[in-house]
Amino acid sequence: DVKVTQSSRYLVKRTGEKVFLECVQDMDHENMFWYRQDPGLGLRLIYFSYDVKMKEKGDIPEGYSVSREKKERFSLILESASTNQTSMYLCASSWGQGASNTEAFFGQGTRLTVV
Amino acid sequence: AQSVTQLGSHVSVSEGALVLLRCNYSSSVPPYLFWYVQYPNQGLQLLLKYTSAATLVKGINGFEAEFKKSETSFHLTKPSAHMSDAAEYFCAVIRSGGSYIPTFGRGTSLIVHP
């Protein structure tokens, strides 16, 4: 089974802190994604990466950055956490090639609270 | 740009009743469409996917969805709801352009009454 592991299920951070959310997948997937989930808004794409050291902005990249130094690991960084970044963060990965391999596999999510 | 619209943020059914969750897509090319389920405090799990092989797609846990191009719809159904089906359901479409990025609807919360 594909496994996507997020380093923390729950995090509480203070305003202004630099926050790192880590995600690791074990299926050699090319694509990795970071979404945030808020009630009534569904999942919104923050950043995605289609290869090591390659990254593209998603729909809501402001206040975030990412790092992909190894194929299996994709990190989301909140440079200076703010209360409006309190949310559920979901990491996902996919092969990204061919119709039969397009589904995304998700981690369990990290519920981040910024106080 | 590809997108999906889920009609109804909440759907309430009785145990044993038909489940119908609606999803309409917007796409200029034949889309790849998905339904995911999210149980409380968990990530998303794939229920089923449409990739143009067959218009009626069967998924896990007794769910199925029918792709209707004329209606640009991909509604999710289950003949008989179980209490364990209570969850959040998301419809998704793959964006065009070769990057295979999933774009999600806003979700529908399924409530099952005993």
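Heavy-atom basis, side chains included; hydrogens, waters and symmetry copies ignored. So you know, we letter chains A, B, ... as the sequences are listed, proteins then strands, and number each from 1. All values derive from a computational prediction rather than experimental measurement.
Only the side chain of A:Q37 comes within contact range of chain B, with heavy atoms under 4.5 Å apart. Residue A:L45 touches chain B through its side chain alone, counting heavy-atom pairs closer than 4.5 Å. Heavy atoms closer than 4.5 Å to chain B are found in the side chain of A:L90, but not in its backbone. Proximity to chain B is limited to the side chain of A:Y10, based on heavy atoms less than 4.5 angstrom apart. For chain A, the nearby part of B:Q38 is the side chain; its heavy atoms alone come within less than 4.5 Å. Contacts between B:L46 and chain A at a heavy-atom distance below 4.5 Å involve the side chain alone, from C-beta outward.
By the 6.0 Å contact criterion, CZ on A:R44 is enclosed, its count of non-hydrogen atoms from other residues, nucleotides or ligands being greater than 12.
The pair B:E64-B:K78 does not meet the salt-bridge criterion, since no charged nitrogen lies less than 4.0 angstrom from a carboxylate oxygen.
Relative orientation of the B:F63 and B:Y89 rings is tilted, given thresholds of 30° and 60° on the angle between their planes.
The residue among B:G43, B:A92, B:S9 with the most heavy atom pairs within less than 4.5 Å of chain A is B:G43.
Residues A:S75 and A:E22 have side chains that bring a donor and an acceptor to within less than 3.5 angstrom of each other. Between the side chains of A:S87 and A:D38, at least one donor-acceptor pair of N or O atoms lies under 3.5 Å.
From B:F90, atom CZ reaches atom CZ of B:F34 across 15.5 Å, with rounding to the nearest 0.5 Å.
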